[in-house]
Structure formats: C-alpha cells, structure tokens
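The structure under discussion is supplied below as structure tokens; questions concerning it will follow.
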Amino acid sequence: MKSYFWGGIFALLAFSCASSTQEISQVTSFPVMGKLTASIIPISKPILLPRYIGCLTDYLIVYKEKEEHLFSFFRLDDGTYLNESGTRGQGPDEFNMLDSRSFDTECGHNLFSVMEAGSNLHKNVRYDGNGLSVVNTKAVFAQGISNNGFYELMDSVYLTLGRIESNNEFCLLNMKTGKLEEKGDYPKWINSDEVLHSPPLFVPYLKVCAVHPDKSKFIVFYMGFKRFRIYDNSLNLLHDVDVQINPCHTAFGEEMQNQPVYYIAQPYATHNHIYVLCANQHTGVERYELQVWGWDGQPVACFSLDRKLSMMAISLQYNKIYALDNLVDNELYVYDLPKLE
C-alpha cells in the first residue's frame, strides 16, 4: 500500500521539529519476541468492509459503513454472533456516516460514543443485547468544519488529527469554552518534492492514535513511517521514536500502491502499554505483527501474527484480542492476550 524514502533526513533531525526539542530515540530490537495464533470463529452473517471493532462491557461491536444495518454484535466471552442493529438516517436512533476514528467504548456499562462525519453530531449510544438506542446527541463542530478523529483528553478538551485544509498536525477543542485551536507543525521527515502528486500534508503523515486511560497523554503512530510520537495533553512532545527494524524504508515518490505501510488500525492503550498492529507491507511482502510499547517510548514486546489483520480490539476483562481481516467476511479471529511483565 505505501512506502517512503529517508535520504539524509536522520542526519538533519538531531532534535524534533514539533512543539518541543525532544531528542529522537532509535529502537533496533524488542526485548521479548513471540508468535500468536488465532482461534477462528465462523460468522453466520457476513461482515462486509468493516471499519471499526471495539469492546463494550459485555459485547464486541463492529461498525460496517456500507451495509443496511451499520453494526454487528458478538458476545465477548465466547465470540458468539448475536445480531445487527443501527440504521442509516436522521431519526432519533439512526446514524449518518460515522467517523471510525471517533469511537470511544469507555463511556459506561455497554455504552459507546461516536461522531457523525459531516453533521458533526457526537452521539452516546447504548446496546442492550437486542438493539441500539441513542442516549444523547450534541453538536460539536459547526457543519462544514471537518474533523479527523475525536479523542478525549483532560479537562473537557478533545483532540482531532490533521485536517485537509490545515498546515497544523493537530487541533484541540475545549468543550467548556468552545475554543478551537490548531496546533503543532508537521514533522519534517521528507521534502515536499519527494512526494508524488504533492498531496496535502496530512496524507504522507497519516497516523493512528490512542490516548492514555487517564487522558494526560496520547500516542500517534505514522502509517507510512516506522515512527511514533508521544505527547502530553498540551501537545508538548514527550518521546519521538524511530523504529529502525527492517523493513523501515519509505518511498513517497512511488504510486500509492507501491508505498510501504507500517502502523495500521486503532491502537489500544492501557495504563502501562500501547498495543499496535504493524503490517510491514513493502514491495509486495507483508509481515503482520503486534507490537507493544511503554509510555516511556521503550519497546516491550513484538509478536508475529499468523495472518493478515486489518483491525483489532482488546478485552482486559477476558484477556483476549479480537480481530478482523476486512477482505474475509465470515471469520472472527480471537487470540489470547500475551502476559507481560
């Protein structure tokens, strides 16, 4: 899918070019290595083009953007398929197109929240085992203002990632005051003339994000670079990490389908660790793995996976990883969550 090219960037980047002068850390190995093998659970009702998977208190939820019913539900304890729910529309319990980066499943007992793309309505939703009901709805951004993810930080402040029309990498919205502040310069890891077709800055710096459970900091993994950064909730750069484990090259001068892809799907964060899928897609080769990092930016473990995965969710209650391949519509993959020190 994607790839990029460093040139002499490393020699130039002795320090970060973002909101801090944090030194770059290079990682060349993981202290723990292993392999994970899935249990395969057949799905009786095929799931076409899933966009998100997450864990509620008792249920696994899958968002399917293109289908008549937008959500599929499974039992968390044994992966049993339950039902579909949620229809497209503007009624009280209906949904327009959803921002798959805005799901939050830590809202209460079998509750989740999500943002509608376009209308910018933020909805809190309950699933009772039979169907969905919208608990409340709040307009967040004015219509016409784009959002790219919606992540809760401390003190009623929410983070969105880079917008198409912006030269800043992040945007902070204070829900108490209504203040919207664009912040943070994009990294200078490539020159604009290295990128084919000169897309907006957010394209080469596409990223996935997870927030610490106490909302005090967040991490962003870059899809086209084998790199990540950790920021506090005021966007001060805490850790800037360059993962120098092959493959790790870039090739933004190539067509999109020939560019390497590294970090994919929403990561999962606990108080101590961040779990993230790494595809290692390059020159027609894929090597999927689950990487585990500490909030200090240090490597914890890396587990090779037995198959291609497109997204995952983690349940600490059941110590399980639930995953899907978006090109396989009739299988749910369940892994035992590795025990870490």
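Starting from 1, each residue takes its place in the sequence as its number. Since the structure is predicted, the reported quantities are computational estimates derived from the model, not experimental observations.
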### Message
Strictly distance-based, threshold 3.5 Å: is any side-chain N or O of Thr57 a donor or acceptor partner for the main-chain N or O of Asn110?
### Response
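Judged by distance alone, yes, a pair lies under 3.5 Å.
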### Query
What do you reckon, are the aromatic ring centroids of Phe225 and Tyr205 less than 6.0 Å apart?
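Yes; Tyr205 has its ring centre under 6.0 Å from that of Phe225.
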### Task
Check whether any side-chain heavy atom of Pro31 sits under 4.5 Å from a side-chain heavy atom of Pro299, and report yes or no.
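Side chain of Pro31 against side chain of Pro299, heavy atoms only: contact under 4.5 Å found.
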#### Entry: Salt bridge present between Lys215 and Asp155 (N-O < 4.0 angstrom)
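No, no charged N to carboxylate O under 4.0 Å.
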### Query
Cation over ring, Lys207 on Phe170, under 6.0 Å and within 45°?
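Yes; both conditions hold, so Lys207 lies above the ring face of Phe170.
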### Query
Do the side chain of Asp242 and the main chain of Ile24 share a donor and acceptor less than 3.5 angstrom apart?
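Between the backbone of Ile24 and the side chain of Asp242 there is no qualifying donor-acceptor contact (under 3.5 Å).
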#### Entry: Co-membership, hydrophobic cluster, residues Val334 and Ile61, 4.5 Å side-chain
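No, separate clusters.
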### Query
Do Asn280 and Lys226 meet the criterion of a side-chain donor-acceptor pair at a distance under 3.5 Å?
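Per modelled atom types, Asn280 and Lys226 side chains form a pair under 3.5 Å.
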#### Entry: More than 12 heavy atoms of other groups within 6.0 Å of Asn167 CG
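Counting other residues, nucleotides and ligands, CG of Asn167 stays at 12 neighbours or fewer.
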### Message
Could you check whether Phe71 and Phe112 have their ring centres less than 6.0 Å apart?
### Response
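Between Phe71 and Phe112, which both carry aromatic rings, the centre distance is below 6.0 Å.
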### Query
Side-chain contact, heavy-atom cut-off 4.5 Å: Leu235 with Phe218?
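Yes. Closest side-chain heavy atoms under 4.5 Å.
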### Query
Side chains of Leu153 and Leu172: closer than 4.5 Å at any heavy-atom pair?
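Of all side-chain heavy-atom pairs linking Leu172 with Leu153, at least one is under 4.5 Å.
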### Query
Do Asn168 and Asp185 come close enough that some side-chain heavy atom pair is under 4.5 Å?
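Asn168 reaches Asp185 side chain to side chain.
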### Task
Output every pair passing salt bridge (charged side-chain N to carboxylate O under 4.0 Å, His left out) with a member in residues 102-116, not counting sequence neighbours, ordered by first then second residue.
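Listed by first then second residue: Glu116-Lys123.
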### Task
Tell me, yes or no, whether the heavy-atom count around Arg307 atom CZ, taken from other residues, nucleotides or ligands under 6.0 Å, exceeds 12.
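More than 12 within 6.0 Å, yes.
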### Message
Quick check: do Tyr275 and Leu290 have side-chain heavy atoms less than 4.5 Å from each other?
### Response
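Yes, their side chains come closer than 4.5 Å.
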### Message
Would you say that Phe30 contacts Phe303 through its side chain, given a criterion of any heavy-atom pair below 4.5 Å between the two side chains?
### Response
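SC-SC contact between Phe30 and Phe303 ruled out.
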### Query
Shared ILVMFWY cluster between Ile40 and Leu277, side chains joined below 4.5 angstrom?
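Same cluster.
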### Message
Any side-chain to backbone donor/acceptor pair from Asp240 onto Arg229? Under 3.5 Å, distance only.
### Response
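Pair absent, no side-chain N/O of Asp240 close to backbone of Arg229.
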#### Entry: Residue that, paired with Phe74, satisfies ring pair (Phe, Tyr, Trp, His ring centres under 6.0 Å) out of Tyr81, Tyr322, Tyr59
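Going through Tyr81, Tyr322, Tyr59 one by one, the ring pair (Phe, Tyr, Trp, His ring centres under 6.0 Å) with Phe74 is satisfied by Tyr81 alone.
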### Message
I'd like to know if the side chain of Asn83 reaches the main chain of Gly129, judged simply by a donor and an acceptor atom lying under 3.5 Å from each other, with no hydrogens or angles considered.
### Response
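Judged by distance alone, yes, a pair lies under 3.5 Å.
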### Heavy-atom side-chain proximity of Lys138 to Leu121 below 4.5 angstrom
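Not touching, per the 4.5 Å side-chain cut-off.
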### Task
Check whether Val140 and Leu98 end up in the same hydrophobic cluster, where Ile, Leu, Val, Met, Phe, Trp and Tyr are linked by side-chain heavy atoms less than 4.5 Å apart.
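No; tracing contacts between hydrophobic side chains, which count when under 4.5 Å, never links both residues.
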### Query
Can you find a side-chain donor-acceptor pair between Ser234 and Asn236 that sits under 3.5 Å?
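Result is no, nothing qualifies.
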### Query
Within a strict 4.5 Å, meaning less than it, do heavy atoms of the Ile219 and Val276 side chains meet?
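The answer is no, as the side chains (C-beta and beyond) never meet within the 4.5 Å cut-off.
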### Met311 with Ile41, same ILVMFWY side-chain cluster at under 4.5 Å
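Yes, Met311 connects to Ile41 through the hydrophobic network.
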### Query
Does Tyr263 have its ring centroid less than 6.0 Å away from the ring centroid of Phe228?
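When the ring centroids of Tyr263 and Phe228 are compared, they turn out to be at least 6.0 Å apart.
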### Query
With distance as the sole test, does Tyr268 use its side chain to make a donor-acceptor pair with the main-chain N or O of Met312 at under 3.5 Å?
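Answer holds: no.
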### Task
Start with the C-alpha gap between Tyr63 and Leu70, add the side-chain angles, then the distance that decides, and say whether side-chain contact (heavy atoms from CB on, under 4.5 Å) holds.
CA-CA 6 Å; Tyr63 168 54; Leu70 299 176; 4.2 Å; yes
### Task
Apply side-chain contact (heavy atoms from CB on, under 4.5 Å) to the pair Ser133 and Asp128, showing each step before the final yes or no.
CA-CA 8 Å; Ser133 58; Asp128 63 5; over 6 Å; no
### Task
Would you confirm whether Gln26, through its side chain, and Gln244, through its main-chain N or O, come within 3.5 Å as a donor-acceptor pair?
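No.
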